[in-house]
Amino acid sequence: MADKQKIINIAVIAHVDAGKSTLVDAFLGQSGVFRENEEVVDCVMDSDDIERERGITIYSKNCSVMHGDTKINIVDTPGHADFSSEVERIMKTVDTVILLVDSSEGPMPQTRFVLKKSLEQGINPILLINKIDKKDSRIDEVVDEVYELFMDLEANDEQLDFPILYGIARQGIVVYDPKEVEGIEIEKGGQKRGKNAKGENGLDITPLFDTIIEHCKPYPDKDEEPLQLQISALAYDDYIGRLGIGRITQGTLKEAQQVAICRGSAEDIRQDKINQVFVYRGLGRMPVSEAVSGDIVVVSGISDISIGETITVASDPQPMEMISIEEPTLSMNFMVNDSPFAGKVGKYVTSRHLRDRLNKELEVNVGLKVEETDSTDSFKVSGRGELHLSILIENMRREGYELAVSKPEVIMRKGENGKKQEPVEEVVVSVPEEYSGSVISKLNLRKGLMQEMSTENGYCHIEFLVPTRGLLGYRSEFINDTHGEGTMVRRFDRFEDYKGDIPERTSGVAIAQEEGTATPYALSGISERIRLFIEPGTHVYEGMIIGENSRSDDMVVNPCKSKQKTNMRAAGVDDAVKLPPAVVMSLEEALEFIDTDELVEVVPDDIRLRKKFLKELERRRNRKM
């Protein structure tokens with residue numbers, strides 16, 4: 001009998017923009033996965049359109065490489081806190097993690113979260129200090145900060161004895177000592193050179209491969225034990241249907257095998273049959289007749305498989321504990337679009353379409369929760385943050401759905417003492433010193449509590465604990481207050497007692513009086529008092545929000561009014577109308593801006609703001625109630 005193939009499963013974890021996807025590019029580029037003449041895109045694992053556009057990883061993804069006689073399965077994970085449920089559920093499938101930390105930024109809030117999840121699973125991480133070519137890198141201080149973080153998270157002695165490597169993932173370089181890269185110039189004339197995942201100057205990521213193999217023993221041979229495979233992720237294929245993804249903890253799995261599926265206990269069991277079994281080869285899935293213990297596999301044929309369920313054998317069922325995911329902190333209502341423009345562009349517009357799409361999302365998005373409401377045309381959708389929910393809305397918009405969504409609301413809970421509690425987030429801001437006073441003042445008003453403050457190179461680094469309620473709508477204010485030079489990172493920290501009233505948006509809005517096409521003549525008169533959201537020629541309807549009022553009250557205006565025709569010639573006066581550029585809001589900005597009596601109307605080709613009650617009489621009546 002041939003020797004069992006050596007298998008090691010690793011995950012790359014880090015804060016946003018630390019270089020996870022770039023490091024995976026280097027793994028793939030230096031493992032012979034691509035042909036010599038093959039054109040390879042940057043961050044090849046970020047295959048989703050929105051991931052490419054925004055430059056972030058949203059979904060955990062798998063690939064595999066060979067190093068010598070060892071197969072290394074790699075999981076690329078999201079770094080944004082809103083997608084932390086993607087990180088939580090894959091920790092049980094890996095043997096070690098590579099913790100990436102920026103050589104300048106050091107450990108950030110999300111670094112703490114992903115590291116905590118890996119330490120809880122008993123994993124011994126490998127530390128890689130990335131971007132050591134930065135001019136403001138502070139390698140020794142960052143290493144000390146990481147040690148402090150490990151101790152804060154109560155790592156054991158074995159976990160504290162982690163190997164440390166240094167790298168420039170962008171150029172496909174990992175070294176044991178930062179001095180080895182001193183002669184390499186990444187930047188010339190203020191411009192960074194292009195990425196090169198294959199290494200240079202005789203340096204590559206071989207030290208990382210060697211460290212993985214030395215630090216982490218290959219998965220033990222458990223092929224003879226009863227089958228145990230826990231599903232940690234789901235996917236969908238148009239031809240073969242729903243797919244379950246997970247690691248075979250013990251036993252072997254064959255195609256067309258009869259299996260038992262357990263949901264947390266041996267009593268909750270059902271019989272089914274596996275169709276095909278796939279393993280990862282490079283970036284693709286390859287069908288196999290049999291998969292062995294330790295490998296990450298993809299199975300088809302079980303139409304109702306769910307995350308956390310264990311595939312085992314009926315003769316000796318050995319269920320694993322269900323994967324626990326932290327509860328959502330934010331909710332909003334998804335409603336059928338009932339505006340006068342409903343159904344003109346979208347392909348899916350009914351409540352049945354909405355329900356089916358949300359149920360489909362629940363199958364793969366474990367951090368999401370969907371509840372029915374009193375209305376058949378509305379669903380309460382809860383998630384881990386504004387970005388988590390806005391990505392879902394953006395995907396639905398691109399798929400041809402029309403819907404209206406309400407202002408995000410924080411999910412409260414009752415504490416052990418019976419008091420109302422609300423989620424509180426850890427917020428880390430880095431701003432030029434001259435803007436720090438404004439930021440501190442605004443966050444104090446929003447019930448923020450400063451934890452730490454330091455100044456370096458003209459920048460203030462401030463850490464706050466702020467209620468999630470206080471952060472709703474703050475990002476755009478923060479960008480304006482810091483003139484785009486500040487950075488703000490936030491992460492859910494814990495629930496605390498209710499903090500009391502927090503001031504909300506102080507400005508009113510301008511509401512269209514009638515349906516029609518906006519004219520330059522009408523908008524020129526309106527623009528003196530409001531900040532416009534629309535351009536001339538925009539088709540509007542009654543109740544649609546067309547701008548922000550400088551005062552606190554709402555104002556009904558007529559943007560469709562045209563100049564009265566007369567017999568007098570005006571020699572090009574109309575051509576001289578000059579309007580300030582309209583504010584074009586992204587989906588996140590629109591969700592931040594709206595108030596409780598307003599909605600964001602999302603259609604495939606546009607995002608509009610509107611009042612819940614379109615007619616002025618209805619708004620007055622409901623204001624009095």
Side-chain angles (χ1 to χ4, degrees), residues 330-344 349-351 354-355 370-382 386 389 393 402-412 420 422 468-470 472-473 498 500-516 518 526 529-534 538-560 585 587 589-603 606-625:
L330 210 63
S331 71
M332 60 175 73
N333 288 335
F334 284 35
M335 292 166 268
V336 172
N337 184 19
D338 62 354
S339 86
F341 295 171
K344 291 188 176 181
V349 297
T350 66
S351 58
L354 265 185
R355 181 183 284 104
V370 178
E371 301 167 78
E372 299 276 350
T373 64
D374 297 338
S375 169
T376 55
D377 291 341
S378 178
F379 304 90
K380 183 181 177 183
V381 182
S382 306
E386 288 164 283
L389 294 171
I393 297 167
E402 279 193 17
L403 67 155
V405 292
S406 67
K407 178 183 173 69
E409 292 180 359
V410 168
I411 298 172
M412 305 288 183
K420 184 162 71 169
E422 64 177 325
T468 301
R469 276 186 308 133
L472 295 178
Y498 184 69
D501 292 337
I502 292 175
E504 298 185 350
R505 191 185 80 202
T506 54
S507 59
V509 291
I511 308 160
Q513 187 178 23
E514 60 182 46
E515 185 174 338
I526 296 169
R529 295 167 288 166
I530 69 168
R531 194 167 62 121
L532 290 171
F533 296 160
I534 63 168
T538 304
H539 205 48
V540 301
Y541 55 80
E542 183 182 1
M544 180 173 157
I545 296 170
I546 64 160
E548 181 181 11
N549 191 2
S550 55
R551 297 183 180 179
S552 59
D553 55 331
D554 292 344
M555 181 168 59
V556 178
V557 295
N558 184 2
C560 310
M585 288 193 180
L587 179 58
E589 288 168 338
L591 291 172
E592 282 186 352
F593 178 80
I594 59 171
D595 214 332
T596 49
D597 64 336
E598 296 162 1
L599 302 173
V600 178
E601 180 187 352
V602 182
V603 297
D606 204 0
I607 293 167
R608 293 185 280 263
L609 305 183
R610 52 161 287 191
K611 286 289 185 180
K612 276 185 184 175
F613 299 100
L614 298 178
K615 297 194 179 296
E616 189 175 0
L617 186 63
E618 289 180 341
R619 290 197 295 275
R620 284 182 183 172
R621 189 181 296 141
N622 281 276
R623 207 178 298 141
K624 289 175 184 176
M625 289 172 66

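Residues: numbered from 1 along the sequence shown.
- Between D554 and R619 there is no salt bridge, since no side-chain nitrogen of the basic residue lies less than 4.0 Å from a carboxylate oxygen of the acidic one.
- R610 contributes a side-chain N or O that, together with a main-chain N or O of K612, makes up a donor-acceptor pair within less than 3.5 Å.
- Remark: the backbone N or O of N333 is paired with a side-chain donor or acceptor of S406 at under 3.5 angstrom.
- Across all non-hydrogen atoms, the minimal contact from V349 to G343 is CG1-CA, 4.1 Å.
- Between F334 and I393, the closest side-chain pair of non-hydrogen atoms falls below 4.5 Å.
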Self-check item: Evaluation steps, side-chain contact (heavy atoms from CB on, under 4.5 Å), between F341 and V603
Solution: CA-CA 10 Å; F341 295 171; V603 297; over 6 Å; no
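- Of the possible donor and acceptor atoms, none in the side chain of R469 sits under 3.5 Å from a partner among the backbone N and O of D501.
- Of all heavy-atom pairs between C560 and E515, the closest is SG-C, 4.4 Å.
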Self-check item: Pair L330-L472, side-chain contact (heavy atoms from CB on, under 4.5 Å): steps then yes or no
Solution: CA-CA 10 Å; L330 210 63; L472 295 178; 4.1 Å; yes
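- D595 has no carboxylate O lying under 4.0 Å from a charged side-chain N of K407, or vice versa, which leaves the two without a salt bridge.
- Residues A512 and I546 come closest through the heavy atom pair CB-CG2, 4.1 Å.
- Checking side-chain atoms of T468 against main-chain N and O of V410 turns up no donor-acceptor pair under 3.5 Å.
- The shortest distance between side-chain heavy atoms of T538 and F533 does not fall below 4.5 Å.
- The CE atom of M332 sits 7.5 Å away from the CD1 atom of I594 when rounded to the nearest 0.5 Å.
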Quiz item: What's the verdict on side-chain contact (heavy atoms from CB on, under 4.5 Å) for R355 and E372, showing C-alpha distance, side-chain angles and the deciding distance?
Solution: CA-CA 9 Å; R355 181 183 284 104; E372 299 276 350; 3.2 Å; yes
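- Side-chain contact check for P408 versus L389: every heavy-atom pair is 4.5 Å or farther apart.
- For D553, the CG atom is densely surrounded, since the number of other residues' heavy atoms within 6.0 Å is greater than 12.
- Note: I526 CD1 to N558 CG = 7.0 Å, rounded to the nearest 0.5 Å.
- At a threshold of 4.5 Å between non-hydrogen side-chain atoms, the residues K611 and V509 count as touching.
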Self-check item: R621 and F613: CA distance, side-chain angles, deciding distance, side-chain contact (heavy atoms from CB on, under 4.5 Å) verdict
Solution: CA-CA 10 Å; R621 189 181 296 141; F613 299 100; over 6 Å; no
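- In this structure, D338 contributes its side chain and A342 its backbone to no donor-acceptor pair below 3.5 Å.
- The minimum heavy-atom distance between L609 and A590, with the atom names listed, is CD2-CB, 3.7 Å.
- Around NZ of K615, the count of heavy atoms belonging to other residues, nucleotides or ligands within 6.0 Å does not exceed 12.
- Expressed to the nearest 0.5 Å, how far CD of E598 lies from CD1 of I545 amounts to 3.5 Å.
- Not a single donor-acceptor pair under 3.5 Å links the side chain of Q513 to the backbone N or O of V556.
- Contact between E601 and S339 at its shortest, heavy atoms only, is OE2-OG, 2.8 Å.
- Nearest heavy atom pair, residue L599 against residue A404, reads CD1-CB, 4.2 Å.
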